[in-house]
Amino acid sequence: MGLISEVLLLPLAPARGSGWVIQQVLREAERIYYDPSAIRAELARLEEQLEAGEITEEEFDRQEDELLDRLETVMRTSATGDGTAPQ
(Lines give C-alpha, C1' and ligand atoms only; values in the text may rest on other atoms or scores of the structure.)
Protein backbone atom coordinates (compact mmCIF):
# COMPACT_ATOMS: atom_id res chain seq x y z
CA MET A 1 0.00 0.00 0.00
CA GLY A 2 2.92 2.38 0.64
CA LEU A 3 4.11 2.30 -2.96
CA ILE A 4 0.62 2.85 -4.33
CA SER A 5 -0.03 5.82 -2.04
CA GLU A 6 3.34 7.34 -3.01
CA VAL A 7 2.49 7.00 -6.71
CA LEU A 8 -0.95 8.51 -6.19
CA LEU A 9 0.47 11.38 -4.11
CA LEU A 10 3.33 12.06 -6.55
CA PRO A 11 1.56 15.06 -8.14
CA LEU A 12 1.50 16.66 -4.68
CA ALA A 13 5.25 16.24 -4.15
CA PRO A 14 6.15 19.84 -5.12
CA ALA A 15 3.62 21.20 -2.62
CA ARG A 16 4.90 18.89 0.12
CA GLY A 17 8.47 19.90 -0.68
CA SER A 18 7.55 23.58 -0.60
CA GLY A 19 5.86 23.09 2.76
CA TRP A 20 9.00 21.47 4.15
CA VAL A 21 11.17 24.34 2.88
CA ILE A 22 8.83 26.93 4.38
CA GLN A 23 8.90 25.08 7.70
CA GLN A 24 12.72 25.04 7.69
CA VAL A 25 12.93 28.75 6.87
CA LEU A 26 10.45 29.56 9.64
CA ARG A 27 12.38 27.44 12.14
CA GLU A 28 15.65 29.23 11.27
CA ALA A 29 13.99 32.66 11.46
CA GLU A 30 12.65 31.85 14.93
CA ARG A 31 16.09 30.62 16.02
CA ILE A 32 17.67 33.90 14.93
CA TYR A 33 14.82 36.00 16.36
CA TYR A 34 15.17 34.41 19.79
CA ASP A 35 18.99 34.18 19.82
CA PRO A 36 20.18 36.00 22.99
CA SER A 37 23.39 37.24 21.37
CA ALA A 38 21.43 38.70 18.43
CA ILE A 39 19.06 40.44 20.85
CA ARG A 40 21.99 41.88 22.82
CA ALA A 41 23.57 43.11 19.57
CA GLU A 42 20.29 44.81 18.64
CA LEU A 43 20.21 46.47 22.07
CA ALA A 44 23.75 47.78 21.56
CA ARG A 45 22.88 49.06 18.07
CA LEU A 46 19.78 50.72 19.46
CA GLU A 47 21.83 52.50 22.13
CA GLU A 48 24.27 53.69 19.46
CA GLN A 49 21.37 55.10 17.45
CA LEU A 50 20.12 56.97 20.51
CA GLU A 51 23.54 58.41 21.26
CA ALA A 52 23.96 59.46 17.62
CA GLY A 53 20.59 61.21 17.72
CA GLU A 54 19.11 58.97 15.03
CA ILE A 55 16.12 58.03 17.19
CA THR A 56 14.19 59.75 19.95
CA GLU A 57 14.15 58.72 23.60
CA GLU A 58 10.55 57.52 23.20
CA GLU A 59 11.44 55.35 20.20
CA PHE A 60 14.43 53.99 22.11
CA ASP A 61 12.25 53.11 25.10
CA ARG A 62 9.66 51.39 22.92
CA GLN A 63 12.18 49.31 21.00
CA GLU A 64 14.20 48.54 24.12
CA ASP A 65 11.07 47.22 25.86
CA GLU A 66 10.34 44.93 22.90
CA LEU A 67 13.89 43.60 22.86
CA LEU A 68 13.96 43.07 26.61
CA ASP A 69 10.64 41.23 26.42
CA ARG A 70 12.13 38.92 23.77
CA LEU A 71 15.22 38.36 25.90
CA GLU A 72 13.10 37.62 28.96
CA THR A 73 11.06 35.13 26.95
CA VAL A 74 14.24 33.37 25.84
CA MET A 75 15.61 33.24 29.37
CA ARG A 76 12.31 31.95 30.76
CA THR A 77 12.12 29.29 28.03
CA SER A 78 15.68 28.14 28.59
CA ALA A 79 15.06 28.02 32.35
CA THR A 80 12.16 25.61 31.85
CA GLY A 81 14.47 23.41 29.80
CA ASP A 82 12.14 22.59 26.93
CA GLY A 83 14.63 24.04 24.42
CA THR A 84 12.04 25.24 21.97
CA ALA A 85 11.47 28.76 20.76
CA PRO A 86 8.29 30.33 22.08
CA GLN A 87 5.35 30.46 19.70
Side-chain angles (χ1 to χ4, degrees):
M1 187 68 176
L3 180 60
I4 294 172
S5 64
E6 286 298 317
V7 169
L8 292 175
L9 294 175
L10 192 59
L12 300 176
R16 291 190 327 213
S18 296
W20 179 83
V21 168
I22 291 169
Q23 184 180 23
Q24 297 305 310
V25 169
L26 180 60
R27 186 174 295 149
E28 181 64 12
E30 286 179 344
R31 186 192 66 76
I32 293 169
Y33 183 79
Y34 289 108
D35 179 21
S37 61
I39 296 170
R40 288 185 186 101
E42 287 184 56
L43 283 167
R45 182 186 52 79
L46 189 62
E47 188 170 349
E48 290 172 1
Q49 287 179 328
L50 177 66
E51 291 174 0
E54 297 172 4
I55 60 174
T56 65
E57 185 75 33
E58 292 80 22
E59 181 65 17
F60 173 83
D61 289 339
R62 186 186 66 75
Q63 290 185 28
E64 182 187 41
D65 287 344
E66 290 175 8
L67 290 169
L68 292 175
D69 287 345
R70 274 176 38 200
L71 189 58
E72 181 182 341
T73 300
V74 170
M75 296 305 174
R76 193 173 339 117
T77 302
S78 64
T80 60
D82 66 5
T84 60
Q87 299 296 325

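- Judged as a salt bridge (Lys or Arg N to Asp or Glu O under 4.0 Å), and not counting sequence neighbours, Glu47 has no contacts.
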Check residues 18-28 and write down every donor-acceptor pair under 3.5 Å in which the side-chain atom is one partner and the other belongs to a residue at least two apart or another chain.
residue : atom : partner : partner atom : Å
Ser18   : OG   : Pro14   : O            : 2.9
Glu28   : OE1  : Arg31   : NE           : 3.1
Glu28   : OE2  : Arg31   : NE           : 3.3
Glu28   : OE2  : Arg31   : NH2          : 2.6

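- Legend: residues meeting side chain to side chain contact (heavy atoms under 4.5 Å, CB included) with Glu64, ordered by chain and number and at least two apart, are Leu43, Leu46, Phe60, Asp61, Leu68.
- The two residues Ala38 and Ile32 make their nearest non-hydrogen contact at CB-O, 3.9 Å.
- For the residue pair Tyr34 and Thr73, the shortest heavy atom distance occurs at CE2-CG2, 4.4 Å.
- Take Glu72 and apply the salt bridge (Lys or Arg N to Asp or Glu O under 4.0 Å) test, not counting sequence neighbours, and it matches Arg76.
- For Arg40, there are no side chain to side chain donor-acceptor pair (under 3.5 Å) partners two or more places apart in sequence or in a different chain.
- For Glu42, the side chain to side chain contact (heavy atoms under 4.5 Å, CB included) partners at least two apart in sequence or on another chain are Arg45, Leu67, Arg70.
- Taking Glu57 as the reference, nothing meets the salt bridge (Lys or Arg N to Asp or Glu O under 4.0 Å) condition, with sequence neighbours excluded.
- Every residue meeting the side chain to side chain donor-acceptor pair (under 3.5 Å) condition with Glu59, not counting sequence neighbours, appears here in chain and number order: Arg62, Gln63.
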